[in-house]
Amino acid sequence: MRLAAWEFTDPPKIGGGLEEGEQRPGVLLLHGLMGRASHWAATARRLSARHRPVALDQRGHGRSEKPAEGPFDREAYVDDAIAAIEQLGLAPVALVGHAMGALTAWQLAARRPDLVSALVICDMRASALGAASQREWTEWFRSWPVPFATLADVRKWFGEDDPTLERPRPARGEFFAEVMAERADGWRPVFSRRQMLSARETWVHDAHWEELAQVPCPALVVRGLDAELGRAEAQEMVRVLPRGAYAEIPDAGHLLPWEQPDAWCAAIEPFLHAATMPA
């Protein structure tokens, strides 16, 4: 399995010791379902002043391989992230995950605490979402008017015309434009929707509170006021985490790092600095 990763700072020099500016603690950024590493560019560049940020294209996404038959289970995603940490020399690493990437992050932190210094969970529920949620996603995928004639059509449909939207969200249109590629007949997603449903099927029916309680490092739960993770559940996640903290961003939904990038970075930068920098 070949995985693609984006490094947003110069890699450490080999031999001769590291210079002071190159001894920055590692941060691994994990996108959610349908996302890609390049989505993290703005966050990573903000973090690069003090950290060594790397974003991973998870299997089935972006430029990483998309094996026809998977596996796309939780163990595979966690193993991929561990491989990235070890092969890129990032440990002890701070994990920043959005949605499914956040679940991967806290499962990894529970399983391999020796590799993880801190954890940021962005809009991922610990409760089971259930079979109805999976059916809704199946129907939503079927509603996509693919192929799209232009990227402007992609932005408009996902940002304005998608019937699941309650109000226009331009950042959502931009988010989905970045995961489209031009084919002979128009613009199509770079991922397989069937594979995305397969990946989601492996975690949507289960609750993940037990693994959350096994995360020993400092952990920050971040939600948008209009996000999928509700306030009560987010605060319960903070209570369950042994070293949990909470941040809430107004005027933001599920894609809060892209809808409110300044507020998002203002929430995570002080936490990561305190959790990863030497006293």
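Atom set for the values below is all heavy atoms of this structure, side chains included, hydrogens, waters and symmetry mates excluded.
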**Q.** Approximate separation, where rounding is to 0.5 Å, of Glu248 CD and Leu225 CG
**A.** 5.0 Å

Q) What is the distance from atom OG of Ser143 to atom CG of Asp161, rounded to the nearest 0.5 Å? A) 11.5 Å

(Q) Just checking His98 against Trp258, ring centres under 6.0 Å apart? (A) yes

**Q.** Electrostatic pair Asp57-Lys66, nearest N-O below 4.0 angstrom
**A.** no

Q. About how many Å separate CD of Gln195 and CG of Leu33, when rounded to the nearest 0.5 Å?
A. 11.0 Å

Q: Quick one: closest heavy-atom pair of Arg172 and Leu255, and the distance?
A: CA-CD1, 3.7 Å

Q. Can you name the closest pair of heavy atoms from Gln58 and Tyr77 and give their distance?
A. OE1-CD2, 3.6 Å

(Q) Are Leu165 and Leu256 linked, directly or through intermediate hydrophobic residues, by side-chain heavy-atom contacts shorter than 4.5 Å (ILVMFWY only)? (A) no

Q | Parallel, tilted or perpendicular: rings of Phe191 and His61 (30°, 60°) | A | tilted

Q) Taking C-beta and beyond as the side chain, do Pro242 and Pro216 meet within less than 4.5 Å on heavy atoms? A) no

Q) Do the side chains of Glu136 and Thr164 get nearer than 4.5 Å, heavy atoms only? A) no

Q. Under a 4.0 Å N-O cut-off, is there an ion pair linking Glu228 with Arg125?
A. no

Q | salt bridge (Lys or Arg N to Asp or Glu O under 4.0 Å) partners of residues 74-97, not counting sequence neighbours, each pair once | A | Arg59-Asp80, Asp79-Arg111, Glu86-Arg112

Q | Atom pair CE/NE2 of Met124 and His254 - distance to nearest 0.5 Å | A | 9.0 Å

Q. Below 6.0 angstrom between ring centroids: does that apply to Phe148 and Phe158?
A. yes

Q: Give the minimum heavy-atom separation between Leu212 and Ala126, together with the two atoms involved.
A: CD2-CB, 4.3 Å

Q: Specify the closest pair of heavy atoms between Arg223 and Leu229, including all atoms of both residues, with the distance to one decimal.
A: NE-O, 2.6 Å

Q. Minimum heavy-atom separation for Val93 to Ile85, with atom names?
A. CG1-CD1, 3.6 Å

Q) Just checking, is any N or O donor in the side chain of Ser133 or Arg200 under 3.5 Å from an acceptor N or O on the other one? A) yes

Q: Give, for atom CG of Leu129 and atom NE2 of His205, the distance between the pair rounded to the nearest 0.5 Å.
A: 9.5 Å

Q) Phe8 vs Trp6 aromatic rings, parallel, tilted or perpendicular, using cut-offs 30° and 60°? A) parallel

Q: Check the hydrophobic clustering (I, L, V, M, F, W, Y; side-chain heavy atoms under 4.5 Å; chains of links allowed) and say if Phe176 and Leu197 are grouped together.
A: yes

Q: Indicate if Met1 and Val54 have the same hydrophobic cluster label, given that clusters are the connected sets of ILVMFWY residues with side-chain heavy-atom separations under 4.5 angstrom.
A: yes

Q.
Are Trp140 and Trp203 linked, directly or through intermediate hydrophobic residues, by side-chain heavy-atom contacts shorter than 4.5 Å (ILVMFWY only)?
A. yes

Q. Between atom CD of Glu182 and atom OG1 of Thr150, what is the distance when rounded to the nearest 0.5 Å?
A. 10.0 Å

Q.
Show the nearest heavy-atom pair for residues Leu151 and Met180, with the distance to one decimal.
A. CD2-CB, 4.3 Å

